[in-house]
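Report on the following structure.
Predicted model only: the values in this text are computed from it and were never measured.
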Amino acid sequence: MNASNPAERFQELLPPLKQLAGKMLVEIGDHRLVLNRIDARPHVLIVGEFNTGKSSLINSMLGEDILPTGVTPTTSLVTILEPGPFNVSVKPIGTKDPIRIEPGKASTPGYGIPGGDFDWNAFAKLLTAPENIDRIELVRVSHPKVPAALTIVDTPGINDIAKSRAEIVYGLIPTADIVVFVISALKPFSESERIFLEERLLADDLKKLLFVVNRIDEVDADERPALVADIRQSLVKALNTSYDKINVRLGQTLFVPVMDVELFAVCAKEKAPFDGSGAAHGIGFDVGKKHAGTFCEANRELWKRIIDISGRKRAVEIEATLHHFLRRGVLRIQHALDECVEAETVGKAAVMGRLKESASRLGKLRATLKTAETKIAAAEADLKQTFRDQIEKKIGRASCRERVYHPV
């Protein structure tokens, strides 16, 4: 693929590929999602089970608590964070236009800005109340501390996604450029996390995967290296198992085995704003005085890596994504052709097998008929001979009677 303009080269190669795929009745995926990722601001999708610290990880980068956190399942809604002056908008399910909540406007409908101040309690309830799951599609927040190059998407826990949320959350996966998979150090890499990794994240187009082990501070210091190494090994195994399954389905190698993963051990409750500032309370929840912690730099390293991928290395990632889409399409078509050839070969073999079986039966039938004909001919000859013998006997008796009673 032409590195100078991979998008143009991609669109040159795509039409004949889609035409051939159409003739073969093969689905190669929606190329528009891939192209949209090129033009849009890089999307960072934060995923993981509930209580792993996804929202805390975002708050750490911002330097203040914008998203509510807690020990129970908190974020029930998809929350999108973008750079810009602080404001919040809510998009109810089934509506086209979001409701914008602007600080300083007490008349704003929805969740209230009484007295010109943002109602943080109402905002927390907005994101966490179970009754909102079936009413609100997503919440969009702009904040000046969000890096200018990024759109960050916070999601409900992968083992706590209501059916009404699942379609929206899963629909965001193909649009993501970077997926940050957050794992708790206290419950490392569960079965639901493995299934989500294999069946959701890796089933879509290529994206950059970064893994985070959060709450590492709650593990004894001397046990941390072994824990991180064990999680790393489990992730490598899960990735390779999934890659093998995909390769088997395609009939050829799309993914090569990986030997390692990018894994960051962090403590998300420690504030570590990317720009190094934010010691004083600014916009978010006021949780009191903030102290620098021992994991601040580790937290920053994660976001530095994200910024690096989405900035300096974005062209490389885009080209890899486009190449992956085309190669996967080619392999799907090739696999379909192989299946057709195999089916034709098997079909011909089956027909030849049936013809041979019929020929064998016909030969046996002919032999049976020939034996029957021989037996019939022999029976017919015996019957004729019996008739001749009986006739000759009758003629002989008649001649004798004539000689006895004839006068001399």
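Here OG of S60 is found 9.5 Å from CG of D65. Values are rounded to the nearest 0.5 Å. Within the model, atoms CG of L62 and CG of L81 stand 6.5 Å from one another, a figure rounded to the nearest 0.5 Å. Residue L302 holds its CG atom at 14.0 Å from CZ of F295, rounded to the nearest 0.5 Å. To the nearest 0.5 Å, the span separating OG on S56 from CG on N51 amounts to 9.0 Å. Going from atom CZ of R328 over to atom CD1 of I28 covers 8.0 Å, rounded to the nearest 0.5 Å. Taken to the nearest 0.5 Å, the CG atom of L209 stands 10.5 Å off from the CG atom of L45.
Across A265 and V228, no two heavy atoms sit closer than the pair CB-CG2, 4.2 Å. Nearest approach of I307 to P147, heavy atoms of both residues: CD1-CB, 3.5 Å. Minimum heavy-atom separation, D217 to R224: O-NH2, 3.5 Å. Scanning both residues, S184 and R215, for their nearest heavy atoms gives OG-CD, 3.9 Å. When all heavy atoms of A268 and N299 are compared, the closest pair comes out as CA-ND2, 4.1 Å. The minimum heavy-atom distance between N240 and P257, with the atom names listed, is OD1-CA, 3.2 Å.
No side-chain heavy atom of I173 sits less than 4.5 Å from a side-chain heavy atom of V47. T79 has its side chain out of reach of I58: every pair of non-hydrogen atoms, C-beta onward, lies at least 4.5 Å apart. At a threshold of 4.5 Å between non-hydrogen side-chain atoms, the residues K237 and T241 count as touching. V213 places none of its side-chain heavy atoms less than 4.5 Å from the side chain of P188. When side chains are defined from C-beta on, Y243 does not count as touching T253, because their heavy atoms never get closer than 4.5 Å. Counting heavy atoms from C-beta outward, V180 and F264 have side chains that stay 4.5 Å or more apart. With a 4.5 Å cut-off on side-chain heavy atoms, V261 and L239 count as touching. R249 places none of its side-chain heavy atoms less than 4.5 Å from the side chain of L254.
Checked by atom type and distance alone, the side chain of N59 pairs as donor or acceptor with a backbone atom of L67 at under 3.5 Å. Under the 3.5 Å distance criterion, the side-chain polar atoms of T175 are matched with a main-chain donor or acceptor of L172. Of the possible polar contacts, none joining the D220 side chain to the D222 backbone as a donor-acceptor pair under 3.5 Å is found. Here the side chain of S142 pairs a donor or acceptor atom with the backbone of N87 at under 3.5 angstrom. Side-chain atoms of T155 come within 3.5 Å of backbone atoms of I46 as a donor-acceptor pair (strictly under, hydrogens ignored). A donor-acceptor pair is defined here as one N or O able to donate and one able to accept, closer than 3.5 Å; such a pair exists between the side chain of E270 and the backbone of C296. One N or O on the side chain of S234 and one on the backbone of D230 form a donor-acceptor pair closer than 3.5 Å. At least one donor-acceptor pair closer than 3.5 Å links the side chain of H43 to the backbone N or O of R41. In terms of modelled atom types and a separation under 3.5 Å, the side chain of R332 and the main chain of E27 share a donor-acceptor contact. Although no hydrogens or angles enter the test, the distance criterion places no donor-acceptor pair under 3.5 Å between the side chain of R135 and the main chain of I93.
Between F181 and F196, the ring planes are perpendicular. Angles over 60° get that label, and only those under 30° would be called parallel. Using a 30° and 60° split on the angle between ring planes, F255 and H324 fall in the tilted class, from 30° to 60°.
In terms of the side chain to side chain contact (heavy atoms under 4.5 Å, CB included) criterion, residue partners of R194 (sequence neighbours excluded) are, by chain and number, F189, E191, E198, A238. Every residue two or more places apart in sequence or in another chain that forms a side chain to side chain contact (heavy atoms under 4.5 Å, CB included) with P98 is listed here: S89, K91. For E82, the side-chain hydrogen bond (donor to acceptor under 3.5 Å, both in side chains) test picks out R140, with sequence neighbours left out.
Few gaps surround NZ on K304; more than 12 heavy atoms of other groups in view lie less than 6.0 Å from it. More than 12 heavy atoms of other shown residues, nucleotides or ligands fall within 6.0 angstrom of atom CD in E12. Heavy atoms of other residues, nucleotides or ligands lying less than 6.0 angstrom from NZ of K208 number more than 12.
With salt bridges taken as basic N to acidic carboxylate O contacts below 4.0 Å, none links E64 and K145.
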Residues T52, I183; criterion side-chain contact (heavy atoms from CB on, under 4.5 Å); working and verdict:
CA-CA 6 Å; T52 56; I183 302 168; 5.9 Å; no

I'd like to know whether I216 forms a side-chain contact (heavy atoms from CB on, under 4.5 Å) with V266, so could you lay out the CA-CA distance, the side-chain angles of the two residues, the decisive distance to 0.1 Å, and finally the verdict.
CA-CA 6 Å; I216 194 68; V266 305; 5.7 Å; no

One pair to check against side-chain contact (heavy atoms from CB on, under 4.5 Å): I333 and L17. What are the steps and the verdict?
CA-CA 9 Å; I333 293 172; L17 183 67; 3.5 Å; yes

Using the rule given for side-chain contact (heavy atoms from CB on, under 4.5 Å), can you reason through D177 versus E317, listing the C-alpha separation, both sets of side-chain angles and the distance that settles it, and then say yes or no?
CA-CA 8 Å; D177 296 275; E317 296 297 332; over 6 Å; no

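The side-chain contact (heavy atoms from CB on, under 4.5 Å) test with H143 singles out one residue from I66, I152, V88, and that residue is I66.
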